Amino acid sequence: MKPASLAAPRSATVAAVGATALAVVPLVYLSMQIGDAGWGRVSEILFRSAMARLALRSLGLAVIVGTLAGLVGTTTAWLVERSDLPASTAWHVVVVMPLAVPSYVAAYAWVSWWPQVASFWGAVAVLAFSTVPIIHLYVAAIFRGLDSTQEEVARSLGKGPREVFLRLTLPQARRGVAAGMLLASLYVLADFGAPAIMRVPVFTWAILGAYRAGFDPSRAAVLAGALVVLSTVFVLLEGVVRGRSTEASVGAAVVRPATKVTLGRWRWVATAGLGVLAAVSVAFPVMSYLYWWSQGGNEVELAEFLGALGTTLLLGLVVAITTVALAVPLAWLVARFGTRVGLGAERAIMLAHSLPGIVVALSFVYVGVRVLRPIYQHWPLVVLALVALTLSLAVGGLRAAFEQQPQSLTDVGRACGRSRARVFAQVTLPAVLPTIAATAAVIALTTAKELPSLLLLRPAGTDTLSTRLWVWAGVSDHASVAPYALTLIAFSVFPALVAAQVGRGSVDRREVV
Amino acid sequence: MTPRLSLSAIRHSFGSTLVLNGIDLSIAPGEMVALMGESGSGKTTIGRIVAGFIVPEEGVVCLDGDRVAGDGRFVAPERRGVGVVPQEGALFPHLSVAANVGFGLARGGERARRVEECLDLVGLAGFEQRRPHELSGGQRQRVAVARALAPEPRLVVLDEPYSGLDASLRRTVSDQVATALRAAGATALLITHDASEAFRTADRVAFLDAGRLVQVGEPSDLYGRPTDLRAALAAGTAALVPAQRCGASLVCSFGELPLDAVGYVSDIPSGVLVLRPWQVDVTVDASGGVEVLDARPDTDTLWLSVDVAGERVDLGTGRSAQDVENLGAGTRVRVMLTAAAAYLPRSPLD
């Protein structure tokens with residue numbers, strides 16, 4: 001038993017438990033809703049041919065997009081990290097930039113020109129372009145982390161560059177590529193906006209439809225439950241694929257810049273390919289909305305726009321502050337003490353992370369209906385749902401920041417006669433403050449583009465940028481969609497830049513003498 | 001006989017920093033040479049030039065008389081037949097021990113036999129199916145050596161191969177590796193900053209300082225006849241005592257030494273004597289002209305700060321640590337010099 005002055009402080013534990021409850025409790029209500037429907041009703045909903053088609057379509061979309069994005073993203077990652085591609089750092093940022101275009105904004109840009117694009121394959125194309133950055137970031141990090149000394153040893157054993165790539169680099173990146181593809185598929189399963197705009201009935205869209213239909217609350221719950229099961233399968237698969245790579249790090253004392261493969265004439269082909277990718281996934285939507293905006297004739301009044309903007313910013317701010325306030329104690333607890341409560345809480349939150357936004361939103365509807373009547377269809381419930389949705393985003397980054405800080409710093413602080421609270425305030429917190437600020441900003445801006453939770457939970461008569469966009473998109477008023485789309489893209493540039501930056505700048509590329 | 005490796009007039013810089021400034025070195029077949037130097041002296045760069053990972057800006061690298069770098073020619077690392085054992089081994093984490101060792105061998109029946117042979121050589125027979133993460137640090141390093149030896153390379157470059165190991169383990173592993181290299185008849189370039197490692201393993205030691213090889217010779221040369229002050233200190237504990245040349249002897253505060261009792265004598269009027277602990281004999285003598293100011297035991301040397309004619313001098317002697325009690329501050333002693341390793345200019349350290 002540790003003395004209280006060394007054990008994890010109770011206040012942090014309480015905060016961690018609270019955060020976990022927020023992430024998990026809604027699921028409990030979701031399952032209660034399903035339970036209330038009774039097995040007969042559940043099986044009636046589940047075992048219908050429409051259900052099979054829905055599942056097949058959702059799964060097909062996820063797997064096809066994951067595979068396509070996997071191929072493209074692995075290629076871009078290899079080009080940026082392992083070849084002598086000109087201006088590779090700039091290209092890295094460019095390839096990640098589609099993260100700044102919410103999938104429904106990208107999808108609507110296509111449909112605004114060619115309504116007939118709205119189809120399964122249209123959704124495949126849009127979502128593949130949106131998920132390439134996910135794979136790219138994941139695989140690039142792996143390529144960067146590989147010990148280049150291994151490649152040198154292989155060269156010294158008589159293997160040429162091609163053989164080294166095939167026998168060393170690729171086999172070691174294989175699991176990472178597979179895990180990245182599963183993550184991209186998971187993203188597609190959870191995505192609501194793009195399939196809806198492309199008129200592809202997948203789970204997320206069907207859940208909203210069932211909820212809107214109103215007369216049968218258990219149908220939405222059962223569909224959500226089925227989606228949770230499907231997502232969980234992907235999460236487990238991802239864990240299995242990634243988890244077995246425990247052998248990954250066997251001592252790399254010196255980080256040396258990897259030997260880059262010379263592209264020769266292919267460098268121009270590669271540059272052109274990346275250019276097309278960027279043009280299609282980023283430039284095209286941005287230019288489209290600029291064009292529609294310039295055509296004028298939009299119905300948007302300044303007051304309406306400013307109202308939605310103000311609501312979005314205020315909501316983002318409140319959600320960011322609440323999330324960070326809950327995440328900081330939890331991240332610190334896990335990083336510094338690794339207590340069972342802390343680790344359990346973290347695991348629960350990370351598991352909740354894989355839940356599609358629409359499921360979380362629906363769960364909070366049930367929470368609102370059953371226990372939080374007074375705040376149902378009021379902002380506080382919206383904030384709670386968004387906090388639950390963004391908590392995992394905050395915990396991951398903050399934990400890493402706390403872990404980077406050497407234990408000796410706080411030890412020295414306490415040895416100097418300062419209390420733990422003061423050391424935390426004067427030593428620990430200042431060091432992670434930049435991370436906290438960046439996390440808060442990313443959360444606020446991510447909240448801005450959130451769609452399904454707001455569609456389900458927002459108080460009647462109020463709107464954010466994303467819900468306003470949705471309303472105008474519903475009546476195909478391109479000019480009125482434009483200002484909202486452009487504002488959302490502008491908002492999302494910062495989180496995209498943060499994603500591009502993480503892990504990239506930190507490698508010391510000094511040549512070692 | 002054609003040397004296995006010869007480096008001639010190698011110069012190389014990183015950016016504006018000149019790292020190697022005219023390196024000449026050759027290694028005979030079957031010979032083991034240790035390249036010693038402080039960190040930043042350029043030793044790793046030499047190893048990388050030999051293996052073919054760096055193209056030297058100037059100079060020529062030859063293997064068995066064939067030019068592999070220099071004068072516009074460059075042979076890729078995979079065509080050189082130079083095995084590499086890097087720091088911490090860099091075993092391929094996704095391959096078993098056998099697959100690691102067999103990586104550089106052609107497929108076929110011969111491979112399994114050769115893998116077995118090489119693992120046997122480093123004392124790891126039976127470890128074939130293990131994975132790198134299941135091995136201890138010392139075992140990994142030995143697998144890395146077996147892997148480098150398997151294709152029977154012309155030369156093996158070992159770059160600080162033991163730096164990731166605990167001090168207690170380093171000696172054992174380095175002896176095991178040296179034995180394996182000898183048994184295989186390998187030609188080796190061992191890069192290290194550790195003198196005892198270099199001395200125990202190598203036939204010859206090359207000492208690198210600031211991009212130049214200041215001394216190349218047998219271990220006993222570096223220890224007993226150093227020609228450079230840094231090399232002298234890197235090769236072992238030494239006290240430095242100012243001295244002047246006077247005819248056929250060298251004169252210092254403790255008396256005279258005939259020239260033939262000194263391993264290496266620089267042709268300078270004034271310099272320092274490099275004294276190994278066993279060359280300094282200290283006896284307690286109330287009538288002695290030297291007063292002990294302070295005594296500090298080191299692991300195998302007793303360091304005395306003494307006052308001789310108003311001058312403070314630090315002396316390492318071969319006396320045991322227990323003598324601290326007898327040689328406390330204020331004790332008067334007599335100091336006898338029996339020999340010296342070298343008489344050198346003192347400038348490099350000033």
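If you're wondering where the values come from, they're calculated on a predicted model, not measured in any experiment. Letters A, B, ... mirror the listed sequences (proteins, then strands); counts begin at 1.
- Remark: Glu116(B) CD is loosely packed, at most 12 non-hydrogen atoms of other residues, nucleotides or ligands lying under 6.0 Å away.
- Within the 4.5 Å cutoff, side-chain heavy atoms of Val153(A) are placed close to those of Arg147(B).
- Residues meeting the salt bridge (charged side-chain N to carboxylate O under 4.0 Å, His left out) test with Asp64(B), sequence neighbours left out: Arg4(B), Arg154(B).
- Counting non-hydrogen atoms of neighbouring residues, nucleotides and ligands closer than 6.0 angstrom, the CZ atom of Arg79(B) reaches no more than 12 such neighbours.
- Between Lys159(A) atom NZ and Phe103(B) atom CZ the span is 6.0 Å, to the nearest 0.5 Å.
- A side-chain donor-acceptor contact under 3.5 Å links His94(B) to the backbone of Arg167(A).
- Within 6.0 Å of CZ on Arg212(B) lie no more than 12 heavy atoms contributed by other residues, nucleotides or ligands.
- For chain B, no part of Arg174(A) is nearby; none of its heavy atoms comes within less than 4.5 Å.
- Contact tally against chain A (heavy-atom pairs below 4.5 Å) for Ala51(B), Pro77(B), Ser39(B), Gly81(B): the top residue is Pro77(B).
- The two residues Phe53(B) and Arg155(A) come nearest to each other via the heavy atoms CE2-CB, 4.2 Å.
- Going from atom CD of Gln172(A) over to atom CG of Leu95(B) covers 7.5 Å, rounded to the nearest 0.5 Å.
- Heavy-atom proximity under 4.5 angstrom to chain A picks out nothing from residues 165-174 of chain B.
- Taking all atoms of both residues into account, the shortest heavy-atom contact from Gln150(A) to Ala90(B) is CG-O, 3.6 Å.
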